[in-house]
A.B. asks: 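Take this structure first; my questions come after.
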There are 2 protein chains.
Amino acid sequence: MKKIYNNQVEVVLDLIGGKWKSEIIYHLGSGPIRTGELKRLVTGITQKMLIEKLKELEKDGLIIREAYNQVPPKVEYSLTNYGSSLKEILRVVCDWGDDYIKNTYPEGQVTILAHKHD
Amino acid sequence: MKKIYNNQVEVVLDLIGGKWKSEIIYHLGSGPIRTGELKRLVTGITQKMLIEKLKELEKDGLIIREAYNQVPPKVEYSLTNYGSSLKEILRVVCDWGDDYIKNTYPEGQVTILAHKHD
DNA sequence: CAGGATCCTGTATGATACTG
DNA sequence: CAGTATCATACAGGATCCTG
């Protein structure tokens with residue numbers, strides 16, 4: 001199905017928007033991670049959503065899935081060059097968001113589970 | 001209702017995510033605009049969605065609504081300082097998206113109604 | 001002209017149980 | 001351990017009509 005966007009920003013939002021993708025990309029920024037560990041790192045995500053988002057990210061060329069032929073199964077995910085290039089963007093957005101939160105919710109009316117960068 | 005985010009990026013996604021907000025902010029970047037003209041500029045948006053998104057943006061402190069007491073009614077929307085500071089972010093994201101599109105959809109499988117920046 | 005009120009629908013997200 | 005299959009639900013987005 002052909003997609004129609006109003007602008008390029010919407011394309012990026014399709015890539016990293018939604019509830020989980022930015023967090024997944026963030027964790028993969030430190031290097032390849034196995035499925036199980038990723039599930040532990042991304043607080044609150046279900047198995048289903050994790051696999052679903054990983055598939056989308058892979059299809060969009062942002063991450064790579066590597067399966068090792070062994071029992072028990074071992075699968076590792078890592079960022080592609082494109083995915084890596086997103087890290088800088090996310091860092092800028094993250095900083096902006098951090099500043100926004102500090103100025104807009106001084107009372108701590110929102111909770112951020114993970115920190116700015118690390 | 002208290003919101004819980006995994007990271008700061010999700011906060012920003014809440015602010016500018018969804019189908020219309022980035023486009024609205026983009027147009028307001030050129031200066032104050034009346035509701036009707038905004039509706040013309042944002043291709044395909046319905047009255048309802050426009051008003052709804054404008055309210056959200058105002059509540060989040062990104063835009064300002066100014067109503068002039070006259071008949072017929074005149075209402076203008078403009079960016080706050082915070083909204084303006086978003087422009088730089090959006091520009092970076094936009095550039096990244098533009099590059100991504102060129103490299104990933106060389107055949108023009110997607111349509112971008114508005115252009116990069118202008 | 002600006003905006004509100006209803007009603008409707010697709011899709012993203014989730015809970016849970018299951019398989020090789 | 002990694003991934004699937006079902007079923008359920010909440011919410012963003014939309015169509016349409018209405019008002020000062």
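Below, chains carry the letters A, B, ... as their sequence lines are ordered, and counting in each starts from 1. Source: prediction; values computed, not measured.
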A.B. asks: Quickly work out the B/I51 CD1 to D/dA12 P distance and round it to whole Å.
C.D. replies: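 Rounded to whole Å, this separation is 18 Å.
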A.B. asks: From C-beta outward on A/K19, which listed nucleotide comes closest to its side chain: C/dC1, D/dG13, C/dT13?
C.D. replies: C/dT13
A.B. asks: Can you check whether A/I24 reaches A/L57 side chain to side chain, under 4.5 Å on heavy atoms?
C.D. replies: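 SC-SC contact between A/I24 and A/L57 confirmed.
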A.B. asks: Using a 4.0 Å heavy-atom cut-off across all strands, classify B/K55 as base, sugar-phosphate, or nothing.
C.D. replies: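 Sugar-phosphate only.
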A.B. asks: Quick check: on DNA chain D, is the nucleotide nearest B/K53 upstream (toward 5') of the one nearest B/Q47, or the reverse? Name the residue that is more 5'.
C.D. replies: B/K53
A.B. asks: Would you mind reading off the distance between B/N69 atom CG and C/dA2 atom P, rounded to a whole angstrom?
C.D. replies: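 Result: 14 Å.
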A.B. asks: On DNA chain C, nearest-nucleotide positions of A/P73 versus A/G44: which is more 5'?
C.D. replies: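 The residue whose closest nucleotide sits nearer the 5' end is A/G44.
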A.B. asks: Just compare D/dA2, D/dG13, D/dG20 and give me whichever is closest to any side-chain atom of A/T35.
C.D. replies: D/dA2
A.B. asks: Quick one: label B/Y68 by what it contacts on the DNA or RNA (base, sugar-phosphate, nothing), any heavy atom closer than 4.0 Å.
C.D. replies: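 Since no nucleic acid heavy atom lies under 4.0 Å of B/Y68, the category is nothing.
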A.B. asks: Apply the test side-chain hydrogen bond (donor to acceptor under 3.5 Å, both in side chains) to residues A/N6 and B/Y26: give CA-CA distance (whole Å), side-chain angles for both, the deciding distance (0.1 Å), then the verdict.
C.D. replies: CA-CA 11 Å; A/N6 281 305; B/Y26 165 67; over 6 Å; no
A.B. asks: Quickly work out the A/E52 CD to D/dA2 C1' distance and round it to whole Å.
C.D. replies: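 To the nearest whole Å, that distance equals 15 Å.
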A.B. asks: Using atom CG of B/D14 as one end and atom P of D/dC11 as the other, report the distance to the nearest whole Å.
C.D. replies: 12 Å
A.B. asks: Nearest to the side chain of B/T46, heavy atoms from C-beta on, is which of D/dA15, D/dC1, C/dA2?
C.D. replies: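 Shortest atom-to-atom distance from the side chain points to D/dA15.
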A.B. asks: Please determine whether a side-chain nitrogen of the Lys or Arg among B/K102 and B/D98 lies less than 4.0 Å from a carboxylate oxygen of the Asp or Glu.
C.D. replies: yes
A.B. asks: Check whether any side-chain heavy atom of B/Y82 sits under 4.5 Å from a side-chain heavy atom of B/D60, and report yes or no.
C.D. replies: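 Counting from C-beta outward, B/Y82 and B/D60 never come under 4.5 Å.
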A.B. asks: Check this one for me: any side-chain N or O of A/R34 less than 4.0 Å away from OP1 or OP2 of D/dA2?
C.D. replies: yes
A.B. asks: Rounded off to whole Å, could you give me the CG-to-P distance for the B/L50 and D/dG13 pair?
C.D. replies: 13 Å
